[in-house]
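Both counts, for ligands and for their atoms, begin at 1 and track the order of listing.
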Amino acid sequence: MARMPYVAAIDQGTTSSRCIVFDESGGIVGTARREHRQRYPRPGWVEHDAAEIWANVQAVVDEATAGYDVAALGITNQRETTVVWDRATGAPVHNAIVWQDTRTEPILRTLADREDDIKRITGLPLATYFAGPKLRWLLDNVDGLRDRAGRGEVLFGTVDSWLIWKLTGRHVTDVTNASRTLLMDLRTLDWNPDLLDALGIPAAMLPEIRPSAEVYGTVRGGRMDGVPVAGALGDQQAALFGQACFQPGEGKCTYGTGSFLLVNTGATPVVSSHGLLTTVGYQVGAQPPAYALEGSIAVTGALVQWLRDNLGLIAGADEIEALAASVADNGGCYIVPAFSGLFAPHWRGDARGVIAGLTGYITKAHLARAALEASAWQTREVVEAMDADTDVALRRLRVDGGMTVNNLLMQCLSDVLDLPVVRPRVTETTCLGAAYAAGLAVGFWPDLDALRAHWRPDAQWEPTIDKARREREWTQWRKAVARTLDWV
Ligand SMILES: Nc1ncnc2c1ncn2[C@@H]1O[C@H](COP(=O)(O)OP(=O)(O)OP(=O)(O)O)[C@@H](O)[C@H]1O
Ligand SMILES: [Mg+2]
């Protein structure tokens, strides 16, 4: 039989589900995408319908792979979003609670006296971001769920786990996703019994933790029947992998709904003292894992969507660049989009967004500019934390994600960071990373060196503004951030 020449990856994201088919050189040959509904039942709550997501995933897989012989399927996903489903019927028992959701604040307060211990074990601060407390909320609030969970009748999973179960019938999760639950021990790569106990979570409902590149099972039914599901990574780890950041010190920042800067720190977890997360970067088969330090920014592209959907300032995200470029600067205006508190490096659940520096002079063009700059300033906060935590000074920043088509933003980023910014030719690095993992697991690609050889630069930006202006505006940004704190 002829060798099947393609690998497909599902990217189940916060706003949409994608499927992309890659050839052996890492080039894109087929793609499909579908958005799902964002549900905001109360201020600070965000939900998705996991059944809707599953239907969309099936549709995009069928559409993108039509006509291609696929050797393996990889999965990447919005992280931390929490699904519980019925083992017998396969139906979700409640809407999925999305990573941005802040409802678990009171649950976290009950763990406050164990914060240092939890950080040492999991690498994570106590924040509403993570999955374990979301699961606890469901156990407390869905009628009869705790009893059913104890009997193993309902199953928990992040979105990777939900999709692998739907596709193959196996209840597993990959180690990068598991590292975002507040339940996994970073060093043993297993669920921590004390933490399960502290959060009151029955072990019977948890998936088995597996490497990121491994054959988990084969697809049952449909057009993809028999295709191995052979890789899974949380979306940001997938982008790290897709950008070929395999050496300690190599990193990337992905600009989508939020933005996430990850730097590979090698074989040992580095515990941050400056507000970064310690997380698993990837694990290939039986090899030891590579760890990463992560600066997670909750809202960047989502602010552009908010200007579009909630304010009607623009009709589409692609209009923001021209609007922002119609003025020379922000006019003194700063937007800090702390919609679900502030993530890295602040971790302040009590923060809410502000628009600071408003005067009669400010136009919608200044607001557009301030919205783009918010992505750049938030990146600088994370880069400074990374510099303080490690001795690997970033010499340039590799970027990817939907916002990186915005050249004004790329220039602004380089100016604010005082670093070169480089965009690769394939900016769908999230999907690419998941495809790489699956392709490695089935021998479609031989090793990491073969993958590294695919990486090609597309464009690079150099800093242009002077130091005095950069530092003056940085001071203003930090003042604006201070004004978001202590709000709730
Ligand atoms: N030209 C543009 N300028 C600025 N922002 C843009 C532009 N085009 C798209 N965006 C923003 O990029 C984001 C989409 O990027 P991308 O598709 O990478 O997001 P994502 O985070 O992967 O989505 P998901 O959360 O579904 O995974 C949106 O928030 C959108 O507002
Ligand atoms: Mg994404």
Side-chain angles (χ1 to χ4, degrees), residues 9-20 31-38 46 48 52-53 56-57 60 74-81 96 98-101 158-160 163 176-177 233-243 252-262 296-311 313-325 335 337 339-340 343 367-376 378-379 399-413 423-424 426-434:
I10 296 165
D11 174 4
Q12 201 306 296
T14 309
T15 54
S16 70
S17 304
R18 264 174 277 221
C19 179
I20 300 184
T31 172
R33 175 175 180 273
R34 229 172 244 213
E35 292 200 10
H36 58 269
R37 207 175 121 201
Q38 307 294 316
V46 189
H48 291 158
E52 178 189 5
I53 283 177
N56 285 0
V57 164
V60 294
I75 294 172
T76 178
N77 57 287
Q78 53 170 322
R79 305 174 301 175
E80 299 97 9
T81 297
V98 176
W99 58 275
Q100 300 142 321
D101 190 293
T158 41
V159 172
D160 57 312
L163 295 178
T176 68
N177 278 289
L233 295 146
D235 53 7
Q236 300 308 323
Q237 284 91 340
L240 186 76
F241 209 62
Q243 286 261 29
K252 63 85 203 178
C253 193
T254 301
Y255 292 86
T257 304
S259 291
F260 302 84
L261 194 151
L262 273 76
S296 332
I297 305 165
V299 176
T300 54
L303 177 59
V304 177
Q305 283 169 315
W306 183 81
L307 293 182
R308 182 194 67 188
D309 299 340
N310 296 36
L311 298 193
L313 216 61
I314 45 176
D318 54 340
E319 289 179 13
I320 196 169
E321 183 168 2
L323 182 58
I335 305 180
F339 293 170
S340 41
F343 282 18
L367 289 176
R369 198 161 182 117
L372 292 182
E373 289 183 2
S375 298
Q378 291 187 100
T379 307
V399 297
D400 54 64
M403 291 186 92
T404 61
V405 297
N406 190 314
N407 292 327
L408 179 65
L409 171 62
M410 296 298 96
Q411 183 59 56
C412 173
L413 195 56
R423 184 174 69 197
V426 176
T427 54
E428 290 284 0
T429 52
T430 304
C431 261
L432 184 60

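- Not counting sequence neighbours, the partners of T427 by the side chain to side chain contact (heavy atoms under 4.5 Å, CB included) test are T404, R423.
- In terms of protein heavy atoms, atom 10 (N) of ligand 1 is closest to A317 CB, 3.8 Å.
- Within the structure, ligand 1 lacks Q78 among the residues with a heavy atom less than 4.0 angstrom away.
- Considering backbone and side-chain N/O of D11, none are found under 3.5 Å from N/O of ligand 1.
- Put simply, the side chain of Q378 gets close to the backbone of V299: a donor and an acceptor are under 3.5 Å apart.
- With a 4.0 Å heavy-atom cut-off, ligand 1 is reached by the side chain of R18 but not by its N, CA, C or O.
- When only non-hydrogen protein atoms are considered, atom 31 (O) of ligand 1 lies nearest to G301 O, 3.0 Å.
- Partners of Q38 under the side chain to side chain contact (heavy atoms under 4.5 Å, CB included) rule, at least two apart in sequence or in another chain, are T14, T15, H36, Y40, V46, H48.
- In summary, E35 and R33 engage in a salt bridge, as defined by a charged side-chain N under 4.0 Å from a carboxylate O.
- For the atom pair W99 CH2 and T158 OG1, the distance stands at 15.0 Å (nearest 0.5 Å).
- The shortest N or O to N or O distance between V405 and ligand 1 is not under 3.5 Å.
- A distance of 8.5 Å separates CG of L409 from CD of E321, quoted to the nearest 0.5 Å.
- Residue, atom and distance of the protein heavy atom nearest to atom 24 (P) of ligand 1 are T14 N, 3.2 Å.
- Ligand 1 is never approached by D235 to a heavy-atom distance shorter than 4.0 Å.
- Heavy atoms of H36 stay at 4.0 angstrom or farther from ligand 1.
- At a heavy-atom cutoff of 4.0 Å, ligand 1 is contacted by both the backbone and the side chain of T257.
- Nearest to atom 11 (C) of ligand 1 among the protein's heavy atoms is M403 CG, 3.7 Å.
- Considering backbone and side-chain N/O atoms, G402 comes within less than 3.5 Å of an N/O atom of ligand 1.
- In this structure, the protein non-hydrogen atom closest to atom 19 (O) of ligand 1 is G256 CA, 3.4 Å.
- Here L311 contributes atom CG and W306 contributes atom CH2; the two are 4.0 Å apart, rounded to the nearest 0.5 Å.
- Of all the atoms in ligand 1, the ones that sit under 4.0 Å from a non-hydrogen atom of G401 are 18 (O).
- The protein atom (non-hydrogen) at minimum distance from atom 4 (C) of ligand 1 is N406 ND2, 3.6 Å.
- Counting protein heavy atoms only, atom 27 (O) of ligand 1 is closest to G13 CA, 3.2 Å.
- Applying the 4.0 Å criterion to heavy atoms of I320 picks out, from ligand 1, the atoms 3 (N), 4 (C).
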